[in-house]
Amino acid sequence: HAELFPPLQVKLALKLCSNECDQGHLFSDWDSTSRGDDEKKKKMMHQLELLDKNYQPGGLCEYIKNAKKLLKHAKEGQNPFDGWHPSVPKGENVEYGSKKHRELEKIGLKQAKKTAFVLVAGGLGERLGYKGIKVRLPVERATMETYLGLYVKSILAIQETDEVVRTSGQKIDVPLAIMTSEDTHAMTVDLLESNDYFGAKKTQITLMKQEKVPCLVDNDAHLALNDEDKYVLQTKPHGHGDVHSLLHQSGLLKKWKQMGVKWVTFFQDTNSLVFRVIPGALGVSKSRDFEFNSLCVPRKAKEAVGGIAQLTHTDGRKMTINVEYNQLDPLLRASSSDGSGDVNDPATGFSPYPGNINQLIVKLEPYEKQLSKTGGAIDEFVNPKYKDSSKTAFKSPTRLECMMQDYPKSLTGTKASVGFTVFDNWVGYSPVKNSPEDGKKKFDDGQPTHTATSGEFEFYNCASRILRLAGANVPEPEIDSKQKFNGMSFPTGSKVVLSPSFGCSFERVESKIDNLSLTAKSVLIVEGDVSFENVQIDGAFEVKAEKGSKIVLKNLSVKNKSWEWRSKANAKEEITRLCGFEIKKKETSSLLYSEKNKTLVVDGDLSQLELKTH
Ligand code: UGB
């Protein structure tokens, strides 16, 4: 069939049919098929060429070689941690709002402006059961801000702090790269475009699309063809670890280095709290000169977050690394004297291993150097589901995967300093990963639910607690066990939304509060440069100072009927179904000010506020 294809494709086909690659089965029917299939054959060669190009370094033959090795290890039951002994590593524990935290934030905010941000958003989030991309989900429904909107606005808020000046003396735009996939790319572009890039410049945001990898049918790493179409290869996502090779291949790392960027901060698609802890964690990276810093929270045993462990090899090598949640229990069982696995420490009620929330801060210069050597390749793993204990056949095709947090494995044996920073859950980690049904099972099991419902309430509760730490009088949230959302109850109280432009560090928020109190039924939504002096709120209050303008609120007592979060089961509308509630807005007091370079002082005069009855 050589005459049908360009020479490079013929070369690739011959390589795939070589003894080493052993993929002759892909073409075994070709002689007996009619000429009518030529177009399909061309498409298949095109797909193979793309798969070859996308798996870097090494192409498809390297993929097959790696797969054979990993499948052999899996069949033999080889433990990837053979020879490694786990122990609890030492890291930096930071109490939000403490003196140490304030100092770290001061250092970190300076670094934040020399940081490039990378959002991995190629996953579809099947566990959540949401049709769209996860970054389109609203973080909360008081304002309907999306995850992507919140992230971009947080980056812009960092950019706005003081002057953002580089060595060239020019103001620079803090860069954001987003890794998408075939599943999420078009919808991500659409979300950005239809929201005018959430106020960022188009050139500030770079999209990098990750490609899928071919599936494997057996232990000999034969590639899988589609059941319905023998000219199409089955493919699946390769995992978030692709982000490193994409950053390398795209040339972004070099570009950022030239711009004066010092740090790269990675984060995931749904964690509304991530930017609350980034300034402090950057402060830790800078002051301890960490080349790699994983953000962590205290982890409940068996929770679906990886655990950071120090692994020491029998030959003396050491590494501080994430052990993924499905591997932690067997590793701990194998190495403990009493066979206990992933269990809580009775003294604290948490696993002794800090939970990796996959917010990673790397130092750009050594990272860029290291990737130039490795091409960004990350240790892979395979997780085949076998038909039976003979481990000879799979239930369905599998594929190799890789994870972004495994980057430090490539640093083992070097002098690189790898560390981690722990913040409390309430301020650092609130992902939305599970459907209401799976969340309910976790709820019954006493585990965090990581649902759209918990995500929304945790967001409000975090802001309320920050206000409390800043001296405001906001009641602690309480659980009303009679009020269930999708069968689950959560701590709830005042619903507070502090937008990134109100303050991107604790000190900035604190500087805006001088005697503020809220009742439990209150809703407070603040955006922009707003300060509170002797303000009492018992109702719903939205206040917004547009960019460049300022509002000072003094001696005010805002009172109205407020809003209510009402439980609603089996709603037709998708988001309502995921959250299990709808918001009944009764009355809202609101204030918007947009005069540039001016300050509006509202001193005891309620008539300046608009009262909306919905
Ligand atoms: N993602 C991609 O961009 N591409 C892919 O191919 C796959 C995913 P999940 P999981 O912090 O909560 C991770 O599926 O299994 C993106 C860590 O491995 O949410 O819950 C995807 O869009 C674990 O150690 O990951 O586990 C999303 O943004 C723990 O830290 C991100 O990758 C856990 O997250 C994560 O994808 C956690």
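Positions are given from 1, in the same order as the sequence printed here. In listed order, ligands and their atoms are each counted from 1.
Counting only residues at least two apart or on different chains, no salt bridge (charged side-chain N to carboxylate O under 4.0 Å, His left out) pair has a member in residues 349-358. Each ring pair (Phe, Tyr, Trp, His ring centres under 6.0 Å) pair with one or both residues in residues 133-154, not counting sequence neighbours, appears once here: Tyr151-Phe267.
Ring centroids of Phe275 and Phe117 are separated by less than 6.0 Å, placing the two rings close together. Two rings, from His73 and Phe381, have their centers 6.0 Å or more apart. Ring-centre distance between Phe581 and Phe457: below the 6.0 Å cut-off.
Contact residues of ligand 1 (protein heavy atom closer than 4.0 angstrom to a ligand atom; sorted by chain and number): Val120, Ala121, Gly122, Gly123, Arg127, Met179, Gln210, Pro237, Gly239, His240, Gln268, Asp269, Val305, Gly306, Asn322, Glu324, Tyr325, Asn356, Ile357, Asn358, Gln405, Tyr429, Lys433.
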Using a 3.5 Å cut-off and no angle test, enumerate the donor-acceptor pairs between side-chain atoms of residues 238-252 and protein atoms at least two apart in sequence or in another chain.
from: His238; atom 1: ND1; to: Asp242; atom 2: OD1; distance (Å): 2.6
from: His238; atom 1: NE2; to: Glu380; atom 2: OE2; distance (Å): 2.7
from: His240; atom 1: ND1; to: Met404; atom 2: N; distance (Å): 3.0
from: Asp242; atom 1: OD2; to: Gln210; atom 2: NE2; distance (Å): 2.9
from: His244; atom 1: ND1; to: Tyr367; atom 2: OH; distance (Å): 2.7
from: His244; atom 1: NE2; to: Met404; atom 2: O; distance (Å): 3.0
from: Ser245; atom 1: OG; to: Asp242; atom 2: O; distance (Å): 3.2
from: Ser250; atom 1: OG; to: Leu246; atom 2: O; distance (Å): 2.9
from: Ser250; atom 1: OG; to: Leu247; atom 2: O; distance (Å): 3.0
from: Ser250; atom 1: OG; to: Leu252; atom 2: N; distance (Å): 3.3

